[in-house]
Amino acid sequence: MSALIANSQHSSKTAKLVARSLWLSSHDAMLRKLLPGGSVKILGSVPEVSGGAFGMLCRFTPFRWMCGLIERIALPGIAAHYLARKAWIEREVRNALADGLRRVLVIGAGFDPLAARLSSEYPEVDFIELDHPATQKEKARSLFSGNNLHLLGVDLGHESPLGAFREAGPVAEPAMVVAEGLTMYLREERVIRLLRDAAILAGDGGRVLFSFMERRDDGSIGFQGQSAWVRRWLDACGESFLWGMELTRIGSFLAKCGLAPSEMAGAEILRRDVLKPNGLHALRLAQGEWLCLATPKRP
């Protein structure tokens, strides 16, 4: 999840939660299969993720068992969902690079290690992250380096992705634009602006990949089976779920943003594409968040 919605002093609590979930998963023999090479080293170098008492306790089986129990009570399958979501995103980013795209723009990466890992593997590709200054500060002093990896600290509560990227230099086309775990924390008008900017940044031949929460028939937004405590915690953090979309409306909604959906992935697709190849097809996955791969659409 992005830290773009964090306050001006601190990085997002949900961004940290996701990263710590990945770090905890790296100590589990089964879940570790879903972590790509290099992720553990990068996560382990960020004190906010793997430092302190939490980082030390992750080594011990009783603590991991306790965390697993809390997950089963609060939001069953969320750790596996984070891992599967990230694996599917990485596959699509690699597909885009294999097809010749040479810029990857990540809006709100939080503490995700994707850009850091791929920047060393693809030195000819520019990787640019846009995130809240508090999060970028933590990452910059911990692990990020390299001529083709750029961190932009921007508060998107006041600035648009398009404006921020343009201030950093000429916007080259085409590009792969990724906005993972972000749209659910924004109001609909901001989601539209975000995706319109993403379509322009991707350009002709580019791609936009984002995640969103499915809005249920009763209008609610959230993961299936989540405890009421999850919503209360999000509210307390100031990071409540604000926006979701019915699956039947995604095409018409994206048309307003200058995009056309090309592929969608929910829990069953993630199970087929990510879990099954790793022998984990029976693993429980949280349901409610979808991934959408889209392409810019000419007016």
Side-chain angles (χ1 to χ4, degrees), residues 1-29 31-32 34-68 70-71 74-75 78-83 85-87 89-90 104 106-121 127-157 178 180-182 185 233-234 236-239:
M1 177 266 160
S2 164
L4 294 171
I5 57 174
N7 64 41
S8 59
Q9 301 295 323
H10 305 286
S11 58
S12 160
K13 286 183 171 58
T14 45
K16 189 184 299 184
L17 175 68
V18 173
R20 284 186 167 183
S21 175
L22 298 181
W23 179 248
L24 183 66
S25 295
S26 73
H27 293 78
D28 182 284
L31 293 178
R32 191 165 53 234
L34 300 176
L35 275 170
S39 293
V40 176
K41 181 179 179 181
I42 291 175
L43 291 168
S45 66
V46 183
E48 281 214 359
V49 175
S50 57
F54 174 81
M56 179 187 68
L57 288 171
C58 284
R59 306 174 195 167
F60 300 103
T61 301
F63 179 74
R64 297 196 302 273
W65 181 88
M66 181 187 71
C67 290
I70 293 172
E71 177 192 336
L75 213 174
I78 191 61
H81 169 75
Y82 290 148
L83 291 163
R85 180 180 77 180
K86 290 180 180 300
I89 289 172
E90 177 165 341
V104 177
V106 185
I107 303 174
F111 294 101
D112 183 76
L114 177 66
R117 288 190 302 103
L118 296 189
S119 64
S120 59
E121 187 176 339
F127 292 85
I128 307 174
E129 283 194 6
L130 186 68
D131 213 332
H132 194 277
T135 300
Q136 299 296 56
K137 182 179 179 181
E138 291 293 334
K139 290 190 291 189
R141 72 187 183 191
S142 299
L143 55 98
F144 282 74
S145 63
N147 295 329
N148 64 327
L149 179 62
H150 314 280
L151 306 182
L152 305 182
V154 177
D155 181 359
L156 288 194
V178 179
E180 175 193 1
L182 173 60
Y185 301 98
W233 182 78
L234 290 171
C237 294
E239 300 176 18

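Of the inter-residue distances, the one linking L35 atom CG with D28 atom CG reads 10.0 Å to the nearest 0.5 angstrom. Once rounded to the nearest 0.5 Å, the distance linking CG of L151 with CG of L149 reads 5.0 Å. The CD1 atom of I107 sits 11.5 Å away from atom CD of E129, with the distance rounded to the nearest 0.5 Å. Annotation: the span from H27 atom NE2 to F63 atom CZ amounts to 10.5 Å, rounded to 0.5 Å. Here the OH atom belonging to Y185 is positioned 9.0 Å from the SG atom belonging to C237, to the nearest 0.5 angstrom. Separation of atoms NZ (K86) and CG (L34) is listed at 13.0 Å; rounding is to 0.5 Å.
Looking at every heavy atom in both residues, V178 comes nearest to I89 through CG1-CG2, 4.1 Å. Closest non-hydrogen pair, R117 versus S39, comes out as NE-OG, 3.1 Å. Of all heavy-atom pairs spanning I42 and P113, the tightest one is CG2-CB, 3.6 Å. The minimum heavy-atom distance between E90 and P36, with the atom names listed, is OE1-CG, 3.5 Å.
With sequence neighbours excluded, the residues satisfying side chain to side chain donor-acceptor pair (under 3.5 Å) with H81 are E289. Applying the side chain to side chain donor-acceptor pair (under 3.5 Å) criterion to E71, with sequence neighbours excluded, gives no partner residue.
Residues L118 and V104 are not in side-chain contact: their nearest non-hydrogen atoms beyond the backbone lie 4.5 Å or more apart. With a 4.5 Å cut-off on side-chain heavy atoms, F111 and D131 do not count as touching. At a threshold of 4.5 Å between non-hydrogen side-chain atoms, the residues L114 and V106 do not count as touching. Using a 4.5 Å heavy-atom cutoff, the side chains of N148 and S119 are in contact.
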Under 3.5 Å, which donor-acceptor pairs do the side chains of residues 17-25 form with other protein atoms, sequence neighbours left out?
from, atom 1, to, atom 2, distance (Å)
R20, NE, E48, O, 3.2
R20, NH2, E48, O, 3.3
S25, OG, S21, O, 2.9

